[in-house]
Number of protein chains: 2
Amino acid sequence: MARNHHHSANSCKICAEEPLDELLAACRAAGLRRTHLLLRVLEVLQRQTAPVSIRELSTTRSIRDDCDPATLYRLLQRLETKGLVRRIGLHERAAHYTLRRGHHHDYVVCRECGDVALLDMACPAQKLEREVSRSTGFKNVDHELQFYGVCPKCGKKARN
Amino acid sequence: MARNHHHSANSCKICAEEPLDELLAACRAAGLRRTHLLLRVLEVLQRQTAPVSIRELSTTRSIRDDCDPATLYRLLQRLETKGLVRRIGLHERAAHYTLRRGHHHDYVVCRECGDVALLDMACPAQKLEREVSRSTGFKNVDHELQFYGVCPKCGKKARN
DNA sequence: TTAGATGCAAACGATTTGCGCGGAA
DNA sequence: TTCCGCGCAAATCGTTTGCATCTAA
């Protein structure tokens, strides 16, 4: 089961690409310092619609040179704590991160190659959060929904 | 963020507890051998409604003695490949497993202590699988839906 | 008898942590 | 000048793998 990570994710028609300035403003407001690494990471996350792993970040050209893994982990933890990125589990070994964009997104993940595509549809779970909270007593409920399947590319390979 | 794993999961009113015999029959049909470890693992999974991690399995009284972690991992991989258990990511470091019961289940996970509760409600994502397949070209689509929140116990602690 | 399971030990990959230094505010 | 963030190195944890041995079928 090789994981290629083409990231064919189509972009969302609703979420406009947030300018870097605004992201930085949000970071400052959250008490983060305007670091070289922060800048680079935001740039990458901004142009990526699919969730990105730390390994992928750390091998990105612009980041590769000046990047210690530990620092990267710490930065993304900070960003997540401040609510600026969302951490997502995709059944890969490694966690993945996305910017928190205008509205909630769900994903389809290929079981064969790990490719992730963004879903551009009304999320059916969001309206249930309240119901879940009511029925279980859990507070502050949000959710994570992923679909898993075999992407067209891998489907084709299998048929040969 | 300590993870306690009380597993307060309430049981599902619909899924009857499957007799061990039937489980074993299914395993045999899948080509698995009736091993000591297999028996023990099935027993534990059967009485647990919440997903269980391999660590939890390996520290269960009945399993602890005769259990090498590598063997346990391999067994659960086999069981998953054969479609007998479901592997679930819960934002914990470790994967969790449940028996594939009568019908699909979703879960609420406590962000503080990691406690997992079973949700006994109609799953809103199941009917979307076809739609996702159609709109993305992914085949053989299923899904995983988890809600995250703060469980009553942890909510109380925070208020003190 | 034989393919499938196991135990042990070692490798691996993702993530975390401690500590002393450097840079943004 | 003061913390926050950084780099480096080592530790930890979950998981995988190779290999010789064992055992259910």
Side-chain angles (χ1 to χ4, degrees), chain A residues 1-5 23-42 51-60 62-82 84-85 87-97 114, chain B residues 1-5 23-42 51-60 62-82 84-85 87-97 114:
Chain A
M1 205 185 296
R3 261 74 219 284
N4 298 318
H5 296 292
L23 284 174
L24 279 167
C27 287
R28 183 156 27 120
L32 298 191
R33 292 189 175 178
R34 183 199 180 94
T35 310
H36 186 66
L37 183 61
L38 174 63
L39 238 68
R40 296 290 105 76
V41 166
L42 289 181
V52 183
S53 73
I54 291 200
R55 162 159 290 269
E56 289 166 315
L57 280 174
S58 75
T59 53
T60 298
S62 64
I63 295 178
R64 189 175 1 175
D65 307 313
D66 45 18
C67 171
D68 168 72
T71 305
L72 207 38
Y73 277 101
R74 281 190 274 230
L75 175 56
L76 283 154
Q77 276 170 6
R78 244 173 291 140
L79 286 170
E80 201 209 349
T81 304
K82 302 301 185 176
L84 294 163
V85 302
R87 180 166 172 267
I88 299 173
L90 299 175
H91 269 205
E92 307 272 318
R93 279 278 223 76
H96 286 65
Y97 296 87
Chain B
M1 205 186 300
R3 263 73 218 286
N4 299 317
H5 296 293
L23 284 174
L24 279 167
C27 287
R28 184 156 26 120
L32 298 191
R33 292 188 174 179
R34 184 200 179 93
T35 309
H36 185 66
L37 183 61
L38 174 64
L39 240 67
R40 295 290 105 75
V41 166
L42 288 181
V52 184
S53 72
I54 292 199
R55 161 160 290 269
E56 288 166 315
L57 281 174
S58 74
T59 54
T60 298
S62 64
I63 295 179
R64 190 172 1 175
D65 306 315
D66 45 20
C67 170
D68 168 72
T71 306
L72 206 38
Y73 277 102
R74 282 191 273 232
L75 175 55
L76 282 155
Q77 276 171 8
R78 244 174 290 142
L79 286 170
E80 200 209 350
T81 303
K82 302 300 187 181
L84 295 162
V85 302
R87 181 166 172 267
I88 299 174
L90 299 175
H91 269 204
E92 307 271 317
R93 275 279 265 311
H96 286 65
Y97 296 86

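Below, chain A is the first sequence line, B the second, and so on; all start at residue 1.
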Margin query: Could you tell me if the side chain of B/R78 sits less than 4.5 Å from the side chain of B/L32, heavy atoms only?
Written below: yes
Checklist line | Separation of atom OH in B/Y73 from atom C1' in D/dC13, rounded to whole Å | finding: 8 Å
Note to self: Please report the distance, rounded to the nearest Å, between CG in A/L76 and P in D/dG5.
What the structure shows: 13 Å
Next item on the list: Find the distance B/R40:CZ to C/dA5:P and express it as a whole number of Å.
Entry: 17 Å
Notebook entry, point to check: Roughly, in whole Å, what's the span from CZ in B/R55 to P in D/dT15?
Noted result: 10 Å
Margin query: I need the CZ-C1' distance between A/R87 and C/dT15, as an integer number of Å.
Written below: 10 Å
Note to self: Rounding to an integer number of Å, can you tell me how far A/R78 CZ sits from C/dT16 P?
What the structure shows: 13 Å
Measure all distances between protein nitrogen or oxygen atoms and nitrogen or oxygen atoms of nucleotides 8-10 of chain D, and list the pairs falling under 3.5 Å.
| from | atom 1 | to | atom 2 | distance (Å) |
| --- | --- | --- | --- | --- |
| D/dC8 | N4 | A/R74 | NH2 | 3.4 |

Item checked: Closest to the B/A94 side chain, choosing from D/dT16, C/dT16, D/dT15 -> D/dT15
Notebook entry, point to check: Rounded to whole angstroms, how far apart are CD on B/E80 and P on D/dT16?
Noted result: 10 Å
Item checked: Close residues, residues 28-37 of chain B, relative to DNA chain D [heavy-atom separation under 4.0 Å] -> B/R33, B/R34
Check: Between A/L42 (CG) and D/dG5 (P), how many Å, whole number?
Finding: 13 Å
Next item on the list: For C/dT15, take OP1 and OP2 only and decide whether either is under 4.0 Å from a side-chain N or O of A/Q77.
Entry: no
